[in-house]
2 protein chains.
Amino acid sequence: MPRPRVLPYIILGLLNKNGMMSGKDMISEFKTDISEFWTVSHSQLYPELQRMVDEKQIKVAEDVEVKDRKVINYVIEAKGQETLKRWLAEPITLKNDELTSLKLYCISDQRAPILQQILKQCLALHQQKVVHLKARKELLFGDELAIKANYGHYLILSRAIERESDYVNWLQSKIN
Amino acid sequence: MPRPRVLPYIILGLLNKNGMMSGKDMISEFKTDISEFWTVSHSQLYPELQRMVDEKQIKVAEDVEVKDRKVINYVIEAKGQETLKRWLAEPITLKNDELTSLKLYCISDQRAPILQQILKQCLALHQQKVVHLKARKELLFGDELAIKANYGHYLILSRAIERESDYVNWLQSKIN
DNA sequence: CAACTATATGACGATAACGACATAAAGTCA
DNA sequence: TGACTTTATGTCGTTATCGTCATATAGTTG
């Protein structure tokens, strides 16, 4: 199996946050808000919307008022809200941590319990990472000679430690 | 077309750095050194090695001495070194910046000119990013009400600014 | 040596990614 | 209204991904 799709969850997240949206609305919000972390092409989006309607995760919003019969608006269904909730509640692991920013983006309420849960799990994960990376640096680059012989490796390992440490600090500052 | 492969370049980078390696050697180095940034399964690696032999990027190292006829060792060819060099020299953009750490990993010599070139391009890119992100935060989250209404979005945008600023500082400290 | 296990390599099927092309409704301007 | 452009949605072919199964050699233990 190829890598799992995240698109359906992001669609649910947007619809849950914003109410009614069309495909074009989603595309533009993807681009302006989260393109740093994740992108899709429209040729993935439209088939996905159809699939999700079939699965009753979302439905077409039938506005009698709307004159524009070209644009198709969608709203989230109860089943979709449950799917989203389960996705947000999935334990954060090394494998899925790249999705954490996207999950946070889907949570608008500052006091949602799931938000602090995510931040705490994320903190634990990255604290472990710092420990692991520091041990590795110690092991590999104890002497100056090793640094000179593998400078690129040394650079990215050093950077990883700083990056992760900075992230840990930030997470701690946002956890109650 | 699907997303382009990076595997061939990483293979060239490893062989260029380490000399003779087998598929299994590569797998284990992938895992220990760069699995933070990028992963492959062995079912991608072995066909790729064959393809690259066909393309004369690498060749099978015919050791008469070697007793172990199960393991296949490879070495880089002149064409492969050129391919690698061209890859490392590609301008860094928003699209390919996720590969920058992998590129650095392939450069062992601290005084290689390409290393500083990469760091400088990377710096320029992320400085722009900081400017852009700060402008967006200003625009979207000028008032406290907007923060409360979209807290997850506020969080990831704030984090992005800190992350990028930290990265910019680090890059500056490594540039001559 | 025989039998079993571990390991390095190889092959395949299902599906996700994504550029390119297609279509039809809406907008624009004469 | 007619011709042209723009845009929102839809479709397709190629190729990358990745779990799973397969194979053959090396190692190990009796």
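What you see below is based on every heavy atom in this structure, not just the backbone, and it leaves out hydrogens, waters and symmetry mates. Residue numbers start from 1 in every chain, and the chains themselves are labelled A, B, ... in the order their sequence lines are given, proteins ahead of strands.
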Exercise. Rounded to the Å, how far apart are A/Lys95 NZ and D/dC18 C1'?
Worked result: 11 Å
Seminar exercise, completed: Atom CD of B/Glu48 and atom C1' of C/dG10 are separated, to the nearest Å, by 15 Å
For this session: Grab the CD-P distance between A/Glu98 and D/dT17 for me, whole Å please.
Result: 14 Å
Exercise. Just how far, in rounded Å, is P of D/dT17 from CZ of B/Arg5?
Worked result: 8 Å
Exercise. Rounded to the nearest Å, what distance is computed from the CG atom of residue B/Asp25 to the C1' atom of nucleotide C/dA8?
Worked result: 11 Å
Exercise. For the pair made of CD1 in B/Ile11 and P in D/dA16, what is the distance, rounded to whole Å?
Worked result: 13 Å
Exercise. For the pair made of OH in A/Tyr46 and C1' in C/dA22, what is the distance, rounded to whole Å?
Worked result: 14 Å
Problem set entry | Under-4.0 Å salt bridge between A/Glu29 and A/Lys17 | yes
For this session: Write down the distance between OH (B/Tyr9) and P (D/dA16), rounded to a whole number of angstrom.
Result: 11 Å
Exercise. Are any of the side-chain nitrogens in B/Arg159 or A/Asp166 under 4.0 Å away from the carboxylate oxygens of its partner?
Worked result: yes
Exercise. Quick one: which of D/dA8, D/dG19, C/dA8 gets closest to the side chain of B/Ser43?
Worked result: D/dG19
Exercise. Does the side chain of B/Gln44 get closer than 4.0 angstrom to OP1 or OP2 of D/dA16 through an N or O atom?
Worked result: no
Exercise. When you check the gap from the basic side-chain N to the acidic O, do A/Glu48 and A/Arg51 get nearer than 4.0 Å?
Worked result: yes
For this session: Compare side-chain N and O positions of A/Arg3 against OP1 and OP2 of C/dA16 and report whether any pair is under 4.0 Å apart.
Result: no
For this session: Check whether the side chains of A/Ser165 and A/Glu162 place a donor and an acceptor atom closer than 3.5 Å, and report yes or no.
Result: no
Problem set entry | Candidates D/dC18, D/dT9, C/dG10 - which lies nearest the side chain of A/His42 | D/dT9
Problem set entry | Phosphate OP1/OP2 of C/dA16 contacted by A/Arg51 side-chain N/O (<4.0 Å) | yes
